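Notes for the one structure printed next.
Everything numeric here is computed off the predicted structure, so don't read it as measured data. Any value given below was found using the heavy atoms of this structure, including those in side chains, with hydrogens, waters and symmetry copies removed.
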Amino acid sequence: MRLMMYCKTIYSDRPLPLPPGFSIRTFRPGDETTWAKIETLAGEFATVTEALQRFHSEFHGYESDLQQRCFFLQNPEGEAIGTIMAWYGEYQGRKIGRIHWVGIVPDYQGKKLAKPLLTYALAEMSKYHQEGYLTTQKDNERAIRLYEAYGFYPIETA
């Protein structure tokens with residue numbers, strides 16, 4: 001079951017530092033497969049093919065937006081191991097920011113990478129939006145606590 005969370009005021013604080021050697025970069029043409037692999041490993045899709053189909057159906061025609069709003073977390077070797085989008089959507093008839101498709105591959109989960117990745121995306125999103133929302137799994141207590149720490153609160157389940 002999905003939980004929608006809302007934040008009235010997006011924090012625009014500077015991103016938290018990453019552990020040494022890690023970095024964040026923006027989406028580049030051809031990164032669709034990289035995104036699909038990360039999201040599949042993170043458990044959002046059963047196969048990379050399924051993830052690619054979703055990516056193309058959701059983001060075809062938005063390539064320039066992806067280059068400004070889709071980010072990849074890279075390990076010290078330069079391999080993309082996480083992703084997040086500072087996207088947009090509608091809530092109560094208003095176009096607002098949306099934290100979208102957050103995923104970190106399992107080998108890197110629990111290594112204090114989610115907070116810096118989220119603060120980076122929120123700082124970028126605050127350039128375009130004052131308020132935002134996201135969806136997460138209702139039973140993912142760790143993610144819910146993280147989002148609550150940044151001012152998001154539950155508003156509805158689906």
Between [X] (side chain) and [Y] (backbone), is there a donor-acceptor pair under 3.5 Å?
| X | Y | value |
| --- | --- | --- |
| N75 | G78 | yes |
| S126 | I10 | no |
| R69 | W87 | yes |
| N140 | Q137 | no |
| E148 | L146 | no |
| T26 | Q68 | no |

Report, as yes or no, whether the 6.0 Å neighbourhood of atom [atom1] on [X] holds more than 12 heavy atoms from other residues, nucleotides or ligands.
| X | atom1 | value |
| --- | --- | --- |
| Q109 | CD | yes |
| E141 | CD | no |
| R25 | CZ | yes |
| Y62 | OH | no |

Closest non-hydrogen atom pair between [X] and [Y], with its separation:
| X | Y | value |
| --- | --- | --- |
| G103 | A42 | CA-CB, 4.2 Å |
| L73 | L113 | CD2-CB, 3.8 Å |
| P76 | P20 | CG-O, 4.0 Å |
| F72 | A80 | CD2-CB, 4.0 Å |
| G89 | Y133 | CA-OH, 3.6 Å |
| E90 | G93 | OE1-CA, 4.0 Å |

Next on the checklist: As a quick check of understanding, evaluate side chain to side chain contact (heavy atoms under 4.5 Å, CB included) for T40 and K37, giving each step before the final call.
Outcome noted: CA-CA 5 Å; T40 301; K37 287 178 183 177; 5.8 Å; no
Checklist entry - So which of K8, R94, K95 actually passes salt bridge (Lys or Arg N to Asp or Glu O under 4.0 Å) with E131? => result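 For E131, the salt bridge (Lys or Arg N to Asp or Glu O under 4.0 Å) test succeeds with only one of K8, R94, K95, which is R94.
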Point-to-point distance, once rounded to the nearest 0.5 Å, from [atom1] of [X] to [atom2] of [Y]:
| X | Y | atom1 | atom2 | result |
| --- | --- | --- | --- | --- |
| E39 | I104 | CD | CD1 | 10.0 Å |
| Q74 | I81 | CD | CD1 | 9.0 Å |
| E32 | L52 | CD | CG | 7.5 Å |
| L122 | Y150 | CG | OH | 7.5 Å |
| L3 | I144 | CG | CD1 | 5.0 Å |
| T119 | L18 | OG1 | CG | 8.0 Å |

Checklist entry - Testing Y120, W35, W101 for ring pair (Phe, Tyr, Trp, His ring centres under 6.0 Å) with F71, which one passes? => result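 That would be Y120.
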Checklist entry - Between E58 and H100, is any pair of side-chain heavy atoms under 4.5 Å apart? => result yes
Checklist entry - Do the side chains of Q67 and P29 get nearer than 4.5 Å, heavy atoms only? => result yes
Checklist entry - Is it true that the NZ or CZ of R54 lies under 6.0 Å from the centre of F59's six-membered ring and within 45 degrees of the ring axis? => result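 Pair R54/F59 does not count as cation-pi.
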Common cluster, [X]/[Y], ILVMFWY with side-chain heavy-atom separation under 4.5 Å:
| X | Y | result |
| --- | --- | --- |
| V48 | V105 | no |
| M4 | I96 | yes |
| Y128 | L134 | no |

Next on the checklist: I'd like to know whether Y91 forms a ring pair (Phe, Tyr, Trp, His ring centres under 6.0 Å) with Y6, so could you lay out the CA-CA distance, the side-chain angles of the two residues, the decisive distance to 0.1 Å, and finally the verdict.
Outcome noted: CA-CA 9 Å; Y91 176 67; Y6 171 79; 5.1 Å; yes
